[in-house]
Amino acid sequence: MDLSGASQNGFSVRQIASTLTPKLQNLIILPTEKCNFRCTYCYEDFGIGRMSKATQQAVEAFLERRIAGLAELSVSWFGGEPLVAKDIVLRLSRHAKRLCDEAGVRFRGSLTTNGFLLDRALLDDLLDCNQDFFQITLDGWGETHDAVRRFADGRGTFERIWSNLLGMKESGRSFEGLLRIHVRRDNVDELPVLMQQIGRTFGSDRRFRLDFEHLRNLGGEGGKSVERPLRLDELREIESKLRAIYRASIESESASEATDSSSSQSGGDAADDDIGDALRTAKLVGESAGGQRLEEIARGEPYICYASKANSLLIRADGRIGKCTVALYDDRNTIGQINADGTLSIDNDRLRPWLRGLSDLDPAVLGCPLASMPRESTRIQEREDEQAH
């Protein structure tokens, strides 16, 4: 079978196969659902704490059961703030890496982190475990960021995050650093300063790149604080202007350096434009598309959300199994439980709606299966109707 050929709606056979094959396993693990920040717009309630030792052992047992049939294992860390439980992140990452090394399985991982605890020592520990993709959010420069991303007592967080980003830059090791820029109506005028600073500081370092997201209500009490969120068409226009400021700051910085440095930079500007265009297109159907690795973006394929993939699972801190990192408090997102022996108890009736995009390759459903998913009561009625006939 030709796995590179075109399939339907732009999806290649290879791409669809990669969402179904049991040889690939993607796990998103929440080692804790607590956080050291209290961002004003956060949708989480922080009601669940650290993953228990029993659940950690269950995850290890699952990996031991699963490893023999794998060609690749990917572990992504989410929270809360995952690095509040860095000991769990490192324990399970080291266990997974050892299993993969022994079995000849490719292993890689990523973290969605606020960056406050990501100092150089921890960065090295994570990179030693093949955890080499970091998504870190910035809401502006200095006080603009601190106005919304702060501690419960109101203290700001920007200075420490920026210092840790500088530490990452000083590292000679390979990684991808995705700087996720939140755009909202009340910070648009302040973001050019952030773009200038990022361009001057990180623009010549190809390990760092930008993603722009419009801040919006994702639920919870925090989500209610987001008023008049930007539309996607507004975001695309603003992003284009901000990327232009970012590139200009790089060129200005390069002009003060050696001529060969300025020359080598020019090719990167075009690449940055290509990445921005690809992500803007992907976001038409997939809001979390910015979390893709460069190699995924380079393929130019339509975006498929992790929650739409049959071989991707979310393991929450209390051992529940889900699919989506946004719908943490939606009953539709609880599809099972991890057992002490590493087996999974999955409710297929609850799993099926998350995978429905794979049946007709609808780009909107594959890009975000939650957006058009029927409510629980509707699904129950549909099952009863089927049984009646």
Side-chain angles (χ1 to χ4, degrees), residues 1-28 71-72 74 76 106 108 110 112 133 135 176 178 180-181 183 209-214 216 218 230-240 243 267-314 323-327 351-374:
M1 181 186 345
D2 180 7
L3 295 183
S4 62
S7 181
Q8 180 179 328
N9 296 337
F11 298 103
S12 69
V13 174
R14 183 216 62 79
Q15 185 183 17
I16 297 302
S18 71
T19 71
L20 295 167
T21 175
K23 291 185 176 297
L24 304 181
Q25 179 68 67
N26 177 53
L27 295 179
I28 304 172
E72 179 177 324
S74 172
S76 301
R106 185 187 187 195
R108 63 200 321 199
S110 65
T112 297
F133 183 99
Q135 178 172 281
E176 288 188 53
L178 181 68
R180 176 183 169 118
I181 311 301
V183 185
R209 58 186 170 89
L210 299 176
D211 174 43
F212 295 84
E213 298 288 345
H214 59 314
R216 55 208 182 278
L218 294 177
L230 293 166
R231 302 185 309 272
L232 274 174
D233 61 317
E234 293 178 294
L235 175 65
R236 290 194 294 274
E237 182 179 352
I238 293 169
E239 177 180 347
S240 295
R243 286 189 183 275
D269 296 340
D272 183 71
D273 281 341
D274 291 342
I275 292 169
D277 289 342
L279 288 177
R280 282 190 289 272
T281 300
K283 286 172 194 168
L284 292 174
V285 294
E287 295 298 334
S288 59
Q292 292 177 287
R293 289 178 180 263
L294 277 173
E295 63 188 52
E296 297 173 285
I297 297 170
R299 296 189 188 114
E301 297 171 328
Y303 176 68
I304 298 179
C305 177
Y306 57 85
S308 290
K309 300 178 180 180
N311 48 20
S312 179
L313 294 172
L314 170 74
K323 292 290 287 178
C324 175
T325 60
V326 174
L351 171 63
R352 195 172 295 112
W354 293 97
L355 309 181
R356 69 192 190 282
L358 295 172
S359 62
D360 58 8
L361 302 187
D362 183 329
V365 177
L366 286 172
C368 182
L370 180 65
S372 60
M373 186 180 295

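Index from 1, following the sequence.
- S76 places a side-chain heavy atom less than 4.5 Å from the side chain of S110.
- Of all heavy-atom pairs between L355 and S308, the closest is CD2-O, 3.5 Å.
- L313 and K323 get closest at one heavy-atom pair: CD2-CD, 4.3 Å.
- For the atom pair CD of Q292 and CD1 of I304, the computed distance is 9.5 Å after rounding to the nearest 0.5 Å.
- Listed here is the closest heavy atom pair of S312 and I28: OG-CD1, 4.5 Å.
- Between T19 atom OG1 and L366 atom CG the span is 7.5 Å, to the nearest 0.5 Å.
- In this structure, CD1 on I16 lies 10.0 Å from NZ on K309, to the nearest 0.5 angstrom.
- Rounding to the nearest 0.5 Å places CG of L232 at 7.5 Å from CZ of R216.
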- Applying side-chain contact (heavy atoms from CB on, under 4.5 Å), run through Y306 and N26 and close with a yes or a no. CA-CA 8 Å; Y306 57 85; N26 177 53; 4.3 Å; yes
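- Comment: E234 engages R231 in a salt bridge, judged by a side-chain N to carboxylate O separation of less than 4.0 angstrom.
- Partners of T112 by side chain to side chain donor-acceptor pair (under 3.5 Å), not counting sequence neighbours: none found.
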- Can you check side chain to side chain donor-acceptor pair (under 3.5 Å) on E301 and S12, steps first, answer last? CA-CA 8 Å; E301 297 171 328; S12 69; 3.1 Å; yes
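- Residues R243 and F212 meet the side-chain proximity criterion, which asks for heavy atoms closer than 4.5 Å.
- Scanning all heavy atoms of the two residues, the minimum distance from F11 to Y303 falls at CE2-O, 4.2 Å.
- Once rounded to the nearest 0.5 Å, the distance linking CD of E213 with CG of L230 reads 12.0 Å.
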- side-chain contact (heavy atoms from CB on, under 4.5 Å) between E239 and V183, worked out: CA-CA 9 Å; E239 177 180 347; V183 185; over 6 Å; no
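- The main-chain N or O of P302 is found under 3.5 Å from a side-chain atom of Q15 such that the two form a donor-acceptor pair.
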Name the atoms and distances for all side-chain donor-acceptor pairs under 3.5 Å in residues 356-364, with sequence neighbours left out.
| unit_1 | atom_1 | unit_2 | atom_2 | d |
| --- | --- | --- | --- | --- |
| R356 | NH1 | P353 | O | 2.6 |
| R356 | NH1 | P369 | O | 3.0 |
| R356 | NH2 | P369 | O | 2.9 |
| R356 | NH2 | S372 | O | 3.3 |
| R356 | NH2 | S372 | OG | 2.7 |
| S359 | OG | R356 | O | 2.6 |
| D360 | OD1 | D362 | N | 3.2 |
| D362 | OD1 | A364 | N | 2.9 |

- Task: Kindly indicate, with the supporting measurements, whether the criterion side-chain contact (heavy atoms from CB on, under 4.5 Å) is fulfilled by R209 and L294.
- Result: CA-CA 9 Å; R209 58 186 170 89; L294 277 173; 3.5 Å; yes
- Item | Residue pair W354, C324: steps toward the side-chain contact (heavy atoms from CB on, under 4.5 Å) verdict | CA-CA 9 Å; W354 293 97; C324 175; 3.6 Å; yes
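- Between S18 and N311, the closest heavy-atom pair is O-ND2, 2.9 Å.
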